[in-house]
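Notes follow once the structure below has been shown.
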Amino acid sequence: AESRRAAARATRRPWWTDLGLAGTAGVAVTLTLLELWLPAVLLWVGGAVVFALIQRRLARRRGQVVDERALGTRAWRFALAYGVLFVVLQVRPPAAWQPWYALGAGIVAVAAGFWWLRWDDRYQARRLAAGDFDRYDLL
């Protein structure tokens, strides 16, 4: 059990890449709520590309488990994270609340995104280390 946990820890993504991607999303949410659409889109696309390349370069493992159970757990975790973000983005605060509301929403987006990315990575690492998959479930 201990060696399985060590193997799972060794194959996880570095936490700072997940924080960087979640931070990029949080800043994009903040800019969106401040109605700075073009900088938000450019930042999000640019940040997503940069962190995808970094994660690809620093990959400690190749492949992931893609079976019904893995897709189901990913979907409900994403629904939880997106649900929080959806509620925050639907509120149109009074002008007096800005920029504080936008900053708070960005922090919520960073927290939800980081939580989702880390939880999903942990789940994948544990399943791979435990051998809890069929050979045709790997992608």
Query raised in the report: At what distance, to the nearest 0.5 angstrom, does CG of D120 lie from OG1 of T73?
Result: 7.0 Å
Query raised in the report: What is the distance from atom CG of L103 to atom CG of L33, rounded to the nearest 0.5 Å?
Result: 9.5 Å
Query raised in the report: Looking at side-chain heavy atoms only, is the closest gap between R122 and L117 below 4.5 Å?
Result: no
Query raised in the report: When hydrophobic residues are tied together by side-chain contacts of less than 4.5 Å, even through go-betweens, does L36 share a cluster with V45?
Result: no
Report summary line: Minimal heavy-atom distance between T32 and W37, with the atoms involved, is CG2-CZ3, 3.2 Å
**Report entry** CH2-CG distance between W116 and L80, expressed to the nearest 0.5 angstrom
**Finding:** 12.0 Å
Query raised in the report: Linking I/L/V/M/F/W/Y whenever their side-chain heavy atoms sit closer than 4.5 Å, directly or via other members, would W15 and I107 fall into one cluster?
Result: no
Query raised in the report: Roughly how far apart are Y123 OH and R69 CZ, rounded to 0.5 Å?
Result: 4.5 Å
Query raised in the report: With the 4.5 Å side-chain cut-off for hydrophobic clustering, are L85 and W44 part of the same group?
Result: no
**Report entry** Considering all heavy atoms, the nearest F114-A22 contact
**Finding:** N-CB, 3.5 Å
Report task. Check whether any side-chain heavy atom of L19 sits under 4.5 Å from a side-chain heavy atom of V110, and report yes or no. Result -> yes
**Report entry** Donor-acceptor under 3.5 Å (Y101 side chain, V88 main chain)
**Finding:** yes
Report task. Verify, without hydrogens or angle tests, whether R12 (side chain) and R118 (backbone) share a donor-acceptor contact under 3.5 angstrom. Result -> yes
Query raised in the report: Cluster question for you: counting only ILVMFWY and a side-chain heavy-atom cut-off of under 4.5 Å, with indirect links fine, are W119 and L21 together?
Result: yes
Query - Any R74 side-chain heavy atom under 4.5 Å of Q124 side chain - result: yes
Query - Shortest non-hydrogen contact from A81 toward A112 - result: CB-O, 3.9 Å
Query raised in the report: If you count the non-hydrogen atoms of other residues, nucleotides and ligands that lie under 6.0 Å from CD in E68, is the total more than 12?
Result: no
Query - Mutual orientation of the aromatic rings belonging to F78 and Y82 [parallel < 30°, tilted 30-60°, perpendicular > 60°] - result: parallel
Query raised in the report: Do W100 and V91 belong together in a cluster built from hydrophobic side chains that touch within less than 4.5 Å?
Result: no
**Report entry** Over 12 foreign heavy atoms within 6.0 Å of CH2, W76
**Finding:** yes
Query raised in the report: How far apart are the closest heavy atoms of A28 and A40, and which atoms are they?
Result: O-CB, 3.6 Å
